[in-house]
Structures are given as C-alpha cells and as structure tokens.
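Residue numbering restarts at 1 for every chain, and letters A, B, ... go by the order of the sequence lines.
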2 protein chains.
Amino acid sequence: MTSHVHERPLSDLTKNQKLVFDALSSADGPLSAYTILDQLRDEGFRAPLQVYRALDKLQELGLVHRLESLNSFIACAHPHCASHGMIGFAICENCGQVEEFSDAEIETRLGTWMRERAFKPRKTTVELRGLCATCSTH
Amino acid sequence: MTSHVHERPLSDLTKNQKLVFDALSSADGPLSAYTILDQLRDEGFRAPLQVYRALDKLQELGLVHRLESLNSFIACAHPHCASHGMIGFAICENCGQVEEFSDAEIETRLGTWMRERAFKPRKTTVELRGLCATCSTH
DNA sequence: GGGTCGATTGTAATCATATAACGTTTCTTG
DNA sequence: CAAGAAACGTTATATGATTACAATCGACCC
Ligand SMILES: [Zn+2]
Ligand SMILES: [Zn+2]
Ligand SMILES: [Zn+2]
Ligand SMILES: [Zn+2]
C-alpha cells in the first residue's frame, strides 16, 4: 500500500541505503557524496552513483537532508522531518557544526507568500551560514 | 578612500565585471558560470576563472546573487540588496522564472533565532523551489 | 618620471560534484 | 513460476569550482 506516506522503518532500508545512512548518522557533521564513497570503499562501494542513489532514497524518506550551500548531506536530527514544510540549518563555517531547526512562524509566513502568488512549493531551503557561538568568541 | 562601503557606481566596474553583469542583466533567468563563459567567448573570455572572479566581486557589491540550489547566478532585482540581511528566491522548476523577495518578519524571526544562540550570520539563504502560478495550472 | 603596492587579469592544470547510459540482479506480487 | 518494479554495478561523461603562477594595470607617493 503506497497511497500515502508510511514511516518506513530503518530495517526496511536496503544494504546500500543503510550503509550510507549509518555513515551520515555517525558523522559529526555533513558529508559530501564523495566523502561517503571513500568511507564505504571497504564495504564494496565503487562508484558515485551507489551513493547518490542511496541518498536520493534517504532524502525521499526524510531521513537525510541535503545542504544546498555545501553540496553535502546530513542525517536528520529529528524523528519525522518529512512532515515539516520548512527546515532550517545553521552552519558554522569555522567548525562545520550544523544545527537543524524549524520555526512555525517562518513556515506560516512563507506559506502565505506562496499562497498569495499561487506558487506551489516542492522544496524549501533555509540555510544560515556564519559562526556558531563557540567559534564567534574565539 | 575606502574606510567604509561606498555605493560603487556601475561605471566603476572593470571591463570583465561589466561584461558579466550585463550578461546576467539581459538574461531572463539565472545563468551558470559556464553559460556566462560561453556567452562571452566573443568578448575574449577563455577560462572559468574570468567569470568566477567577476561574479565574486559583483556579489560583494550586492549586484548579483548566487542561487545555491541551482549553482547559478542572477542579477539583483532591487537597487541596493546589500542592505538586506535576508533575501528570498522563489524558483520555478518548470519555466526557470525566479522571483526575488524579502520579508521583514522572517528576517526578524531569523535574527531572533540567531541572537538567542549567539550565531553570527555571514550569509542567509532562502530558496523556494516549486511551480510558479503559470506553470502550476498547466 | 620612477617606484611601489594592491587589485585585476590571463592561462593551464586540476579538483569536486553529479548524471547518462546500459545491462544485471533482486524483490514483490499474482 | 512469470512479470514488473526497484535496486544495483560499472563505465564514461557532464558540470561546477579552485589552485598556482606569471603578467598587467591603476592609484598613490616621492
Ligand atoms: Zn530533519
Ligand atoms: Zn563553530
Ligand atoms: Zn537583490
Ligand atoms: Zn513557471
């Protein structure tokens, strides 16, 4: 049954998808597709497409997010992000730390803007780049 | 005198900067760096760096914006965008149209979020991808 | 004019990110 | 089992961005 979006359990992930997801989950920051590829060479990964295909699926499931301004990927910090319309990221350009957040007010505001213009959203990107609290005081 | 940021008039742009800016201004949508390069071959452009260097400067001056989710660039639709902290783009994935906007409320909200966490912003990216009014009804 | 310094330019080589194309394998369902 | 859908493996290629180095230009001062 696929008439609506299920919460597919992690155990339903394929081998490659699980490997990529685990790599992202255990990382302490975002990873590029090619970094993931390198980390999974020992597991049999040979080509970028193996990573990109897994990433596509994981993003579809809401388990992974793409950071557009970094061309890299990060495991979702929340349980069920697929339900959110807007997800934001604060990215520290010094230490690489990424904080994921959402804000109902911003979501509403963007929703209003789009509705007024009959713009039908598919994906919303909000990325703040700068220095985190720790890095901005050093 | 360079003790503070001047509004450098367009006439102060160098030859390459002006060429790149004109290419973006006369385009009806965002252009990639390599598309710009191709368009400027007749003007003597030979290498990507000639484009990227001009783009860097133009972005610094607030005359051009980078669309992170498209890896491409667009001339600013407003006179003095450098003064805005937050600029948003609504990008139609069907026709390529891009609408630039700003929203004081969202800006405030993001500002609050960052201040509370002592996050020092350098660049804020807000990009809505989807279908414009025209394309979503066809 | 000559000297100096910073910004800009030209060019080649290289790195980094992402997809196309094609065939095979595995999973699911009837 | 048959048949379609999804995932996979592999090669080649497309697209986007930077490093490195030498040459040139422009503003400024002596
Ligand atoms: Zn998330
Ligand atoms: Zn930091
Ligand atoms: Zn602008
Ligand atoms: Zn459209």
Side-chain angles (χ1 to χ4, degrees), chain A residues 1-3 5-6 8-21 23-24 30-61 63-74 93 96 123 125 129, chain B residues 1-3 5-6 8-21 23-24 30-61 63-74 93 96 123 125 129:
Chain A
M1 211 254 258
T2 56
S3 61
V5 179
H6 271 275
R8 168 141 62 150
L10 266 54
S11 56
D12 278 7
L13 295 178
T14 66
K15 176 157 168 286
N16 285 2
Q17 288 160 13
K18 185 178 283 295
L19 283 167
V20 169
F21 181 66
L24 283 173
L31 300 179
S32 77
Y34 278 75
T35 301
I36 296 172
L37 174 58
D38 284 341
Q39 289 189 9
L40 296 180
R41 296 241 180 237
D42 293 344
E43 316 288 339
F45 274 49
R46 291 278 167 274
L49 253 197
Q50 299 177 283
V51 178
Y52 282 111
R53 288 202 271 231
L55 286 172
D56 284 348
K57 194 42 116 182
L58 292 168
Q59 288 177 85
E60 219 176 290
L61 298 173
L63 296 173
V64 161
H65 302 298
R66 175 186 168 82
L67 299 176
E68 300 289 354
S69 68
L70 291 180
N71 292 327
S72 60
F73 304 84
I74 191 168
E93 296 182 316
K123 188 188 177 191
T125 298
R129 307 213 19 191
Chain B
M1 213 257 260
T2 56
S3 61
V5 178
H6 273 274
R8 169 138 67 150
L10 267 55
S11 56
D12 277 8
L13 294 178
T14 66
K15 177 159 167 285
N16 284 4
Q17 288 160 12
K18 186 180 282 296
L19 283 167
V20 169
F21 182 66
L24 283 173
L31 300 179
S32 76
Y34 278 74
T35 302
I36 296 173
L37 175 58
D38 284 340
Q39 289 189 9
L40 295 180
R41 296 239 180 238
D42 294 343
E43 315 289 338
F45 274 49
R46 291 279 166 271
L49 211 50
Q50 299 178 284
V51 178
Y52 283 111
R53 289 203 270 230
L55 286 171
D56 284 348
K57 194 46 121 178
L58 292 168
Q59 286 175 259
E60 218 175 293
L61 298 172
L63 296 173
V64 161
H65 301 299
R66 176 185 169 82
L67 299 177
E68 300 289 352
S69 68
L70 292 179
N71 292 329
S72 60
F73 304 85
I74 190 167
E93 295 182 315
K123 189 189 177 192
T125 298
R129 304 204 32 182

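Atoms CD (B/E68) and C1' (D/dA17) sit 13 Å apart, rounded to a whole Å. Rounding to whole angstrom units, CG of residue B/L37 and P of D/dA17 are separated by 13 Å. One atom, CD of B/Q17, and another, C1' of C/dT9, lie 11 Å apart when rounded to the nearest Å. The interatomic distance linking B/D38 (CG) with D/dT15 (P) rounds to 10 Å, in whole Å. Rounded to whole Å, atom C1' of D/dG9 lies 15 Å from atom CG of A/L19. Atom P of nucleotide C/dT11 and atom CG of B/L40 are separated by 14 Å, given to the nearest angstrom. For the pair B/L31 CG and D/dT15 C1', the computed distance is 15 Å after rounding to whole Å. Spacing between atom CZ of A/F73 and atom C1' of C/dA18 amounts to 9 Å, rounded to whole angstrom units.
Side-chain atoms of B/V51 and B/Y34, non-hydrogen and from C-beta on, never get closer than 4.5 Å to each other. With contacts defined as side-chain heavy-atom distances shorter than 4.5 Å, the pair A/L13/A/V20 does not qualify. Looking at B/T14 and B/K18, their side chains never come closer than 4.5 Å, going by heavy atoms from C-beta outward.
Taking 4.0 angstrom as the limit, A/Q50 places none of its side-chain polar atoms (N or O) nearer than this to OP1 or OP2 of D/dC8. Dashed line: the shortest gap from a side-chain N or O of A/N71 to OP1 or OP2 of D/dA17 is not under 4.0 Å.
Using a cutoff of 4.0 Å between basic side-chain nitrogens and carboxylate oxygens, A/R41 and A/E43 are not scored as salt-bridged.
Nearest-nucleotide mapping onto DNA chain D: of B/L49 and B/L70, the residue sitting toward the 5' end is B/L70. Between B/S32 and A/R53, the residue anchored nearer the 5' end of DNA chain D, judged by the nucleotide with its closest heavy atom, is A/R53.
In the set D/dA7, D/dC8, C/dA18, the nucleotide with an atom closest to the side chain of A/K57 is D/dA7. Ranking C/dT9, C/dA18, D/dT10 by closeness to the B/T14 side chain, first place goes to C/dT9. Of all nucleotides listed (D/dG16, C/dT17, C/dA21), C/dT17 comes nearest to the side chain of A/Y52. Checked against C/dT9, C/dT11, C/dA18, the side chain of B/N16 finds its nearest nucleotide in C/dT9. In the set D/dT11, D/dA17, C/dT9, the nucleotide with an atom closest to the side chain of B/R66 is D/dA17. Listed nucleotides C/dT9, C/dT19, D/dG9 differ in distance to A/P48; the shortest reach to its side chain belongs to C/dT19.
In this structure, A/Y34 packs face-to-face on the six-membered ring of C/dT17, meeting both the 5.5 Å centre cutoff and the 30° plane limit.
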| said: Assess the residue pair B/K123 and B/T125 against the criterion (side-chain contact (heavy atoms from CB on, under 4.5 Å)); give the C-alpha distance rounded to whole Å, side-chain angles, the decisive distance to 0.1 Å, and a yes or no. | reply: CA-CA 7 Å; B/K123 189 189 177 192; B/T125 298; 4.2 Å; yes

